[in-house]
Amino acid sequence: MSSSQPFLSSPLATTPSRRRKSQFTFKQLHQLSLSSTATPLRVIAHIDLDAFYAQCEQIRLNLPDTTPVAVQQWQALIAINYPARKFGLSRHITASEAKKLCPELVCQHVATWKEGDEKWAYHEDAYKHIGTYKVSLDPYRMESKKILACIKETLPEKLQRVEKASVDEVFLDLSAQIHSILLERYPQLQGPPPYDDPTENLPTPPSSALDWSADSLVDLDEKETEDDDPDWDDVAMLIGSEIVREVRAAVREKLKYTCSAGIARNKMLSKLGSGHNKPNGQTVVRNRAIQQFLSSFKFTKIRNLGGKLGDEVVAGFNTDTVKELLDVPQDQLQKRLGDDTGSWLYQTIRGEDHSEVNPRTQIKSMLSAKSFRPSINTFEQGVRWLRIFVADIFSRCVEEGVLENKRRPKTINLHHRQGGQTRSKQSPIPQGKTLTEELLFDLAKNLLAQVVVDGRAWPCANLSLSVGGFEDGVTGNKGIGTFLVRGEEAKAMLQNERDRTPILEDSGPSAKRRKVDDTKSATGRIQNFFIGRDESTGSAGDSELEERLPGVEDEQSLPNVTLEREELDEPPPSNQNGPPSHLHQQSIDHYFCSRCNVHLPESERAEHEDWHFAKDLQDEERSAGRSETATNAAKPPPQKPAAGRGRPPGTTAKKTEKGQRKLAFGPQ
DNA sequence: GTGGATGAG
DNA sequence: CGCTCATCCAC
């Protein structure tokens, strides 16, 4: 509903002397305590750190906050703080151009990994080494964590609802806390409603003018005047604004960061609001001001309309403003965009957004990537970057508590870009083994090998490695006494292995010798990864020599690939239960476990078999303890229940006539 | 489950 | 721009 209409159409408005009742009901007030997306009293805040990366560097370097600071990534500037913006600096200019415009600019390069290092660092001359270093954004992730923790500490634990929206943004659903404060400050709101009827209107709101002086206030809609009495939604917003001011003060005082905020009825409006008064300001979008506020924007500034969908709308209706799009009837929008997208857009430009604040603060995946200029052309070059990616990802996994078994990823994914197209390969991370850096490295190499044999791998313009499917750690393998002991043994053995062949070697002459070995061992695994490939259609062409045309089945086979296929393919990798037939000897000291899809040295074979044995035993006990229907003894460990509730706007893909996909937004 | 695409910052 | 992160869909 429009926020302004009820005021205008209220019959009581004709009796100026008598104050009208609230337009809100006891039911809507109650819904506020539940953070319901349906209540018009809802209050959402969006908090956005000001020029975050630049502020991180300014604070890390202990510079006065008046110093112009930019963050440099190779030659590009990826963040510019507000003092620097006064000099006309913007993104898309180079560091040297910026220095000319602003000689006293502090131009700090991001931290980087260099080959062989076991940790990222701030290197003075990083920009000279775009070919061998990899950017690390870890410092900003760590600051982000501290800020998020600070925000959570400031809010009452029981009533908070915080969504981490990005490294420098959060959404807060303040509804429940505001409900509590309202009842406390205005006891007349405590129930029960008259006649115990929840549809009864709330008592008359306080008549004194509200003090908005500390906030930037968006102008009211036309026909609304500041003389109109406030209602409870205004009171709720004002309380929300107080809370946000306290949160921002805490972040400022404890961590020195400034941020901007928007307070409004929903996520979309709060986000637009937070950008309205930067830096270090907060903006309240009262319900009575929504139309005026929204109409001032190009709709491409609204979330989800910044991309192709927005372009499609512009093309379809020859305007990029909310104001003009308001004249388009809903069915016209639907005709052009599809029913769901059309009605979503119709509602959105009228200020409606019923999406929930998703109480989620932990990441679900992490990624390490590098664009290559110029492209890289060999498997061993790729492997060298994988080393760095793995070091990066593994150290971040350690921060996530992987070593303490708190959280651990389930899958590993390699993305590869060549020419216009990107392809990816992924594999499960075996859960039976301790998650080590070399395990990840091994898996990553295999994925790269798969990409290579699939063809058209070179020249490669971009590689990225990610791990995902983070789940809470297992409980400690109850009932398996031998596992932990053996696990320690395994660690010791792996340590010995590492001592002999250090994984994080120095860059230098020795690296050249070693990378040959990497290539060999990895090509050895190419063979293994041809399991499952259909022999009759042959295997992939040799991408380095043969560019296959799209759609053409080129069946040039790699002799050494098909060689071992038979034996490997025999028991296809599966989760079936059974005798220990899952360990396949590949060579004198090399095994492949088809249950885990993992390669093992002889030194780990016994432990691995023991682990399966113990786990099967445990699973049998479990299923016996339950019912006869439990036949899933060898299924993966029980999954985390569900990702909480509340997906952001329900989106469903549709195919357009042109075969392009676009988003469609369904009802919540 | 896998691989591609879109969108955000 | 380059590097992340999330979500969705066809398969």
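Here is how names work: the chains are called A, B, and so on, in the same order as the sequence lines, proteins then strands, and each is numbered from 1.
You'll find that the side chain of A:Trp74 is closest to C:dG2, out of C:dT4, B:dT6, C:dG2. Nearest to the side chain of A:Ile363, among B:dA8, B:dG3, C:dC5, sits C:dC5. With B:dG7, C:dC5, B:dA8 as the choices, the nucleotide that has an atom nearest any side-chain atom of A:Leu309 turns out to be B:dG7. In the set C:dC1, B:dG1, C:dC5, C:dC5 carries the atom at the smallest distance from any side-chain atom of A:Leu367. With B:dT6, C:dC1, B:dT2 as the candidates, the nucleotide lying closest to the side chain of A:Pro428 is B:dT2. Residue A:Ser365 has its side chain nearest to C:dA6 when only C:dA6, C:dG2, C:dT4 are considered.
The phosphate of C:dG2 has neither OP1 nor OP2 within less than 4.0 Å of any side-chain N or O from A:Gln73. At least one side-chain nitrogen or oxygen of A:Ser424 sits closer than 4.0 Å to the OP1 or OP2 atom of B:dG4. The phosphate of B:dG3 has OP1 or OP2 within less than 4.0 Å of a side-chain N or O from A:Lys425. The side chain of A:Ser466 places no N or O atom within less than 4.0 Å of a non-bridging phosphate oxygen (OP1 or OP2) of C:dT4. Neither OP1 nor OP2 of C:dG2 sits under 4.0 Å from any side-chain N or O of A:Arg91. Phosphate proximity of C:dC5 to A:Arg396: present, with a side-chain N or O under 4.0 Å from OP1 or OP2. For the pair A:Lys364 and C:dA6, the criterion of a side-chain N or O lying under 4.0 Å from OP1 or OP2 is not met.
Between A:Glu57 and A:Arg60, at least one side-chain N (NZ, or NE/NH1/NH2) sits under 4.0 Å from a carboxylate O, which counts as a salt bridge. A salt bridge is defined here as a Lys NZ or Arg NE, NH1 or NH2 lying under 4.0 Å from an Asp or Glu carboxylate O, and A:Lys134 with A:Glu115 fails to meet this definition. Salt-bridge formation is detected for the pair A:Lys146/A:Glu143: a Lys NZ or Arg NE/NH1/NH2 atom is positioned less than 4.0 Å from an Asp or Glu carboxylate oxygen.
Straight-line distance from the CG atom of A:Asn304 to the C1' atom of B:dA5: 14 Å, rounded to whole Å. Rounded to a whole Å, the CG atom of A:Asp138 is 13 Å from the C1' atom of C:dC3. Nucleotide C:dA6 holds its C1' atom 13 Å from the CD atom of A:Glu169, rounded to whole Å. Going from atom CG of A:Leu148 over to atom C1' of C:dC5 covers 15 Å, rounded to whole Å. Per the geometry, NE2 belonging to A:His46 stands 13 Å off P belonging to B:dA8, to the nearest Å. Rounded to whole angstrom, the span from the CD atom of A:Gln418 across to the P atom of B:dG4 amounts to 13 Å. Atom CG in A:Leu465 sits about 16 Å away from atom C1' in B:dG3, given to the nearest Å. Summarising the geometry, the separation between CD on A:Glu163 and C1' on C:dT7 is reported as 12 Å, rounded to the nearest angstrom.
Pairs engaging residues 414-428 of chain A under the salt bridge (charged side-chain N to carboxylate O under 4.0 Å, His left out) rule: A:Lys425-A:Asp454 [sequence neighbours left out].
Using a 4.0 Å heavy-atom distance criterion, A:Arg373 is classed as a sugar-phosphate-only contact. Residue A:Gln75 is classed as having no contact, given no heavy-atom separation below 4.0 Å to the nucleic acid. Contacts of A:Leu305 with the nucleic acid, taken as non-hydrogen atoms under 4.0 Å apart, involve only primed sugar atoms and P, OP1 or OP2. Note on A:Ser464: nothing from the nucleic acid sits closer than 4.0 angstrom, heavy atoms only. Looking at heavy-atom distances under 4.0 Å, A:Ala369 makes contact with sugar-phosphate atoms alone, never a base. A:Leu77 comes within 4.0 angstrom of no nucleic acid atom, judged by non-hydrogen atoms across all strands. A:Arg423 comes within 4.0 angstrom of the backbone, heavy atoms only, and of no base. Contacts of A:Lys134 with the nucleic acid, taken as non-hydrogen atoms under 4.0 Å apart, involve only primed sugar atoms and P, OP1 or OP2. A:Asp168 comes within 4.0 angstrom of sugar-phosphate atoms only, judged by non-hydrogen atoms across all strands, and of no base.
Applying the side chain to side chain contact (heavy atoms under 4.5 Å, CB included) test to A:Ser274 and every residue at least two apart in sequence or in another chain returns A:His46, A:Asp48.
Ring geometry for A:Tyr53 against A:Tyr140 counts as parallel: the plane angle stays under 30°, on a 0 to 90° scale with 60° as the upper cut.
Residues A:Asn462 and A:Arg360 each lie close to DNA chain C; by heavy-atom proximity, the contact nearer the 5' end of the strand is made by A:Asn462.
In this structure, a donor-acceptor pair under 3.5 Å is absent between the side chains of A:Ser466 and A:Asn413.
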